[in-house]
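Here is the structure we will look at.
This chain uses plain numbering: 1 for the first residue, then up along the sequence.
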Amino acid sequence: LTIINDSTVVVNPNISTYYIVSGTNVNGCIGYDTSWVNVIQRPNISVTNGSMCEGGLSQLTASGASTYTWSPSSFLNTTSGNTVISSSTESITYEIIGTSQDGCQDTTQSIVTVYPLSEISFLMSDSSGCSPLTIDFIDQSTENVTSWNWNFGDGVAHTFWRLRHC
C-alpha cells in the first residue's frame, strides 16, 4: 500500500481481493465504497533444453501457457506454437514468451547446445596389393572417440577401434 496523496492510494495485490474505503465528511458522516480487484495469475511456462551434433535437429517443447512466441527466429522451423525444431549450427539461447488465454505473459529461455562432429582419422597398412589382401586399419582420431562402426561393404561390420580385414 502506497499513499500518493489524500485521495490516491496505490496497491499491488498478488491475489484477487476486495478493497473497502470509508470516508468521513465535515459533518462526521461516514460513507463506504468497495471495489473488487481481479488479479489474473501469469502463466508459469517451462521449456525443454536441447542438444545435438552439428548438422542435427533439436526439438524444443514449451508448456504452461496457451500460445508461445520463440525468438530469435534463427534456425527455427517456426516462431510460434508449443513445439519448434532448431537446426542451429552453433549453441544458441532462445527466448520464449508464453501467453495465457487471459493475455498474461511469462518469459523463459531454452538453450540448445551444439556439439562438433567427431573428426575421424585412420591409417591403413596397405591400400592395394595382390589377393588375398589383408589390411590393418588403425584409428588415429585425435578426439575422444567412444565407439567405432566399421562397414566394409562386404557384409562384414566391426565395432573395434583397431582391426584387420581380409
For the student: nearest non-hydrogen atoms of Ser51 and Ser58, plus distance: N-OG, 3.6 Å
Residues in side chain to side chain contact (heavy atoms under 4.5 Å, CB included) contact with Asp102, at least two apart in sequence or another chain: Ile40, Ser100
Listed partners of Asn27 passing side-chain hydrogen bond (donor to acceptor under 3.5 Å, both in side chains), at least two apart: none
Value rounded to 0.5 Å, distance of CG in Asp33 from CD1 in Ile20: 10.0 Å
Pairs involving residues 19-64, ordered by first then second residue, that meet ring-ring contact (aromatic ring centres under 6.0 Å, His included) (sequence neighbours left out): Tyr18-Trp36
Qualifying salt bridge (charged side-chain N to carboxylate O under 4.0 Å, His left out) pairs with a residue from residues 50-68, counting only residues at least two apart or across chains: none
Separation of Ile135 CD1 from Ser125 OG (nearest 0.5 Å): 6.0 Å
Inter-residue atom distance Ser16.OG - Gln41.CD, 0.5 Å rounding: 7.5 Å
Gln101 CD to Thr67 OG1 distance, which is reported to the nearest 0.5 Å: 9.5 Å
Counterpart residues, side chain to side chain contact (heavy atoms under 4.5 Å, CB included), relative to Thr79 (two or more places apart): Ser73
Pairwise ring-ring contact (aromatic ring centres under 6.0 Å, His included) hits with a residue in residues 37-61, at least two apart: none
Note, Val39 side chain near Val37 side chain (heavy atom, < 4.5 Å): yes
Residues clustering with Met52 (ILVMFWY side chains joined when closer than 4.5 Å, directly or via others): Ile45, Val47, Leu60, Tyr68, Trp70, Phe75, Leu76, Val84, Ile92, Tyr94, Ile96, Val112, Val114
Side chain to side chain contact (heavy atoms under 4.5 Å, CB included) against Thr93, all qualifying residues, sequence neighbours excluded: Gln109, Ile111
Ring pair (Phe, Tyr, Trp, His ring centres under 6.0 Å) partners for Phe122, two or more places apart: Phe137, Trp150
Partners passing side chain to side chain contact (heavy atoms under 4.5 Å, CB included) against Ser71 (at least two apart in sequence or in another chain): Glu95
side-chain hydrogen bond (donor to acceptor under 3.5 Å, both in side chains) involving Ser110 - partner list, sequence neighbours excluded: none
side-chain hydrogen bond (donor to acceptor under 3.5 Å, both in side chains) partners of Thr83, counting only residues at least two apart: none
